[in-house]
Amino acid sequence: MFILETITILLTFTIISTMIATIIRFLYYKYSAKQILKRKIYYEDEILNFLFKNKDLVLSQENIIDKIFIEQGIKIINNFSGVLRKKLSQKFDSLGVSDFLYKKYLNTRQYSEKEYLLYQIGELRSLKYLNELLNLDHHKLISQKIHRGYFFALNAITNEWIYELEKDKISIYIDKIIEIIEIIEKNHVISLKRLIEVLMNDTEQLFNYFMNHEDVLNNFISKILKSDISKKSKGKIFYILSVNKIYQIAPILSEELEKSSDFETNNDEELEYLILLIKSCGELSSEETNKWIVSAALKGKWILKSISAKYLYTNPTLSNLELLFNMLFDKIWWVRYNSARSLDKLKGLGFPYLIKALESNDKFAKDIVSIFITNGNVYELLIKDLKNFDKNSDFSQLGLIINSSSNKGIVDKLIREPDISEEVKIEIIKLIKNNDFIEYFQNELMFIHKNPVFSPYAKEKTLELLALKESAHATTY
């Protein structure tokens with residue numbers, strides 16, 4: 001009785017002390033979090049207050065404003081997002097920083113410094129000078145080769161404040177971007193890749209705005225289609241919109257593909273446009289766009305087939321799975337690779353098709369499937385099954401994988417897999433029937449025999465298997 005009472009008291013004490021410790025820990029973390037936040041806000045406010053009090057001194061010394069003031073401001077602003085970033089931007093505007101930078105921009109004659117100042121105005125998200133930026137002569141900016149800084153500033157500010165802007169300003173911004181692309185393409189002053197990177201920098205707000213304001217999006221797309229921008233640039237813009245899941249462009253993609261549905265075209269510009277349109281369809285992965293991916297897979301040149309194979313898994317219908325399976329036997333390596341990768345991404349849905357390919361007589365299909373069975377999602381499924389195996393389980397499918405595969409690494413990995421039992425590993429080695437693997441797996445057997453982790457039973461079995469390999473007909477185990 002005394003023992004029971006003692007145990008009860010100890011248990012009660014343990015439970016109560018644990019609860020108290022948990023409460024104390026929670027309160028401590030809550031207090032710490034508040035203190036950290038408080039210190040952070042205090043730190044930011046202190047910097048702002050210091051700068052505000054010393055505004056005249058700071059703004060009169062160019063070295064300080066370049067090296068300390070602006071750098072600190074940019075660092076502070078970029079630590080935050082949303083409403084707080086806007087408030088901080090407005091605070092720096094109130095300090096006269098934007099006025100100082102823009103005045104300096106107008107007065108300096110060094111183009112490199114002009115571009116640097118535009119970058120700084122953009123980094124500070126200064127709404128105060130958006131109108132001035134929209135009214136700048138972009139022809140002159142391009143001729144001075146400071147257009148990158150201009151693009152960055154224009155984009156950063158517009159995207160930060162887009163929900164506060166009137167629609168006519170957004171329309172001017174869109175017109176400006178399109179005109180800039182046209183001029184740049186005409187004068188070849190910047191690569192397309194670099195152009196798109198600059199134009200679409202930090203555009204999350206813009207894409208959110210497009211999703212919520214379809215009229216603005218339609219206006220943007222309409223102007224893009226009517227402009228003199230090359231098809232390649234148009235395709236790149238569509239692709240960026242699709243990556244950002246602007247699903248409203250799906251009908252536009254279909255219309256454009258209706259016009260450009262010659263998937264065997266020899267025209268380089270047309271082919272590049274088709275590639276970007278198919279990639280855009282793949283990113284959206286809707287029923288409306290899937291039909292074009294299938295068409296490109298069936299009728300297109302090898303590069304279109306390869307891209308289609310990369311995206312077919314996004315709509316795993318029975319017909320798409322069969323199409324991916326058939327593409328495993330294509331003569332082009334990239335088509336086979338992307339087909340196998342898509343089936344691998346589908347895990348359980350794609351696994352039977354990969355196994356079916358191993359049953360074929362096509363060496364190239366087997367080679368490509370082996371890559372994913374050894375290193376892809378399918379390998380994880382295989383391990384999951386083998387964890388529950390014993391020596392009496394059905395190893396026929398695994399035997400097919402091992403002996404059809406040209407990749408010796410599958411057995412190498414399975415033998416070293418910690419979650420597979422020793423007896424299953426012995427059964428795996430017994431499955432090897434391919435004479436080309438004999439020398440390679442001699443090392444695997446020795447690994448088991450010499451490794452102290454394995455039991456005497458495993459070592460004994462490996463010695464038996466090693467003895468069998470002395471035979472010239474070592475294909476029966």
Side-chain angles (χ1 to χ4, degrees), residues 290 293-386 389 393-415 427-441 444 473-477:
N290 179 66
I293 300 173
V294 172
S295 294
L298 293 171
K299 304 173 187 176
K301 287 191 163 186
W302 75 265
I303 191 164
L304 288 171
K305 283 185 180 180
S306 173
I307 291 163
S308 300
K310 192 176 177 180
Y311 288 107
L312 278 169
Y313 82 95
T314 59
N315 191 17
T317 61
L318 182 60
S319 59
N320 278 2
L321 289 168
E322 290 288 346
L323 180 54
L324 282 170
F325 171 72
N326 291 330
M327 293 170 82
L328 290 172
F329 303 93
D330 196 273
K331 63 182 180 180
I332 301 297
W333 187 89
W334 275 111
V335 177
R336 298 196 302 273
Y337 179 84
N338 283 339
S339 301
R341 185 171 72 166
S342 285
L343 288 168
D344 179 67
K345 282 183 177 180
L346 291 169
K347 299 182 180 179
L349 280 174
F351 187 53
Y353 292 93
L354 294 173
I355 297 300
K356 191 176 173 183
L358 288 179
E359 293 171 343
S360 73
N361 295 321
D362 191 307
K363 179 185 181 299
F364 299 113
K366 289 180 180 181
D367 286 350
I368 215 75
V369 167
S370 297
I371 294 171
F372 291 95
I373 286 182
T374 305
N375 301 298
N377 293 309
V378 169
Y379 180 77
E380 299 303 321
L381 291 176
L382 201 60
I383 296 302
K384 190 176 179 182
D385 287 340
L386 288 173
F389 270 38
S393 300
D394 182 4
F395 285 86
S396 57
Q397 191 177 73
L398 184 59
L400 172 69
I401 291 171
I402 289 172
N403 292 299
S404 297
S405 170
S406 61
N407 191 339
K408 303 180 184 74
I410 182 71
V411 175
D412 185 69
K413 285 184 75 174
L414 290 175
I415 286 174
E427 295 302 317
I428 289 169
I429 293 174
K430 286 180 181 179
L431 290 169
I432 303 167
K433 294 182 180 179
N434 190 330
N435 280 327
D436 294 338
F437 289 6
I438 299 302
E439 186 178 345
Y440 177 82
F441 288 117
E444 304 307 317
H473 302 285
T475 58
T476 59
Y477 60 94

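Worth knowing before you read on, the calculation uses all heavy atoms, side chains too, and leaves out hydrogens, waters and symmetry mates. These figures come from a predicted structure and were not determined experimentally. Numbering of residues begins at 1 and proceeds along the displayed sequence.
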What's the spacing between Arg341 CZ and Tyr313 OH if we round to 0.5 Å?
8.0 Å
I'd like to check the side-chain contact (heavy atoms from CB on, under 4.5 Å) partners of Leu321; sequence neighbours left out, ordered by chain and number.
Leu343, Leu346, Tyr353
Contacts of Ser306 meeting side-chain hydrogen bond (donor to acceptor under 3.5 Å, both in side chains) (sequence neighbours excluded), chain-then-number -> Asn338
Show the nearest heavy-atom pair for residues Arg336 and Asp330, with the distance to one decimal.
NH1-O, 2.9 Å
Determine whether the aromatic ring centres of residues Phe364 and Tyr337 are separated by less than 6.0 angstrom.
no
Taking the side chain as every heavy atom from C-beta outward, state whether Lys305 and Ile332 have any pair of such atoms under 4.5 Å apart.
no
Atom of Ser360, atom of Phe329 and distance for their closest heavy-atom approach:
OG-CE2, 3.4 Å
Would you find a donor on one side and an acceptor on the other, under 3.5 Å apart, between the side chain of Ser308 and the backbone of Val294?
no
Grab the two heavy atoms, one from Met327 and one from Ser339, that are nearest each other, plus how far apart they are.
CB-OG, 3.1 Å
Could you state the interatomic distance from CG (Leu386) to NZ (Lys384), rounded to the nearest 0.5 Å?
13.0 Å
Minimum heavy-atom distance Leu349-Pro352, with the two atoms named:
O-CD, 3.6 Å
For Asn320 and Pro316, indicate whether the former's side chain and the latter's backbone hold a donor-acceptor pair under 3.5 Å.
no
Ala297 to Leu312 - nearest heavy-atom pair and separation:
CB-CD1, 4.4 Å
Working to the nearest 0.5 Å, report the span between OG1 of Thr317 and CG of Leu323.
9.0 Å
Under a 4.0 Å N-O cut-off, is there an ion pair linking Asp362 with Lys366?
no
Can you tell me how far CD1 of Ile373 sits from CG of Leu354, rounded to the nearest 0.5 angstrom?
6.0 Å
Do you know the tightest heavy-atom contact between Ser342 and Lys310?
OG-O, 3.5 Å
In this structure, CZ of Phe351 is separated from CZ of Phe372 (nearest 0.5 Å) by 14.5 Å
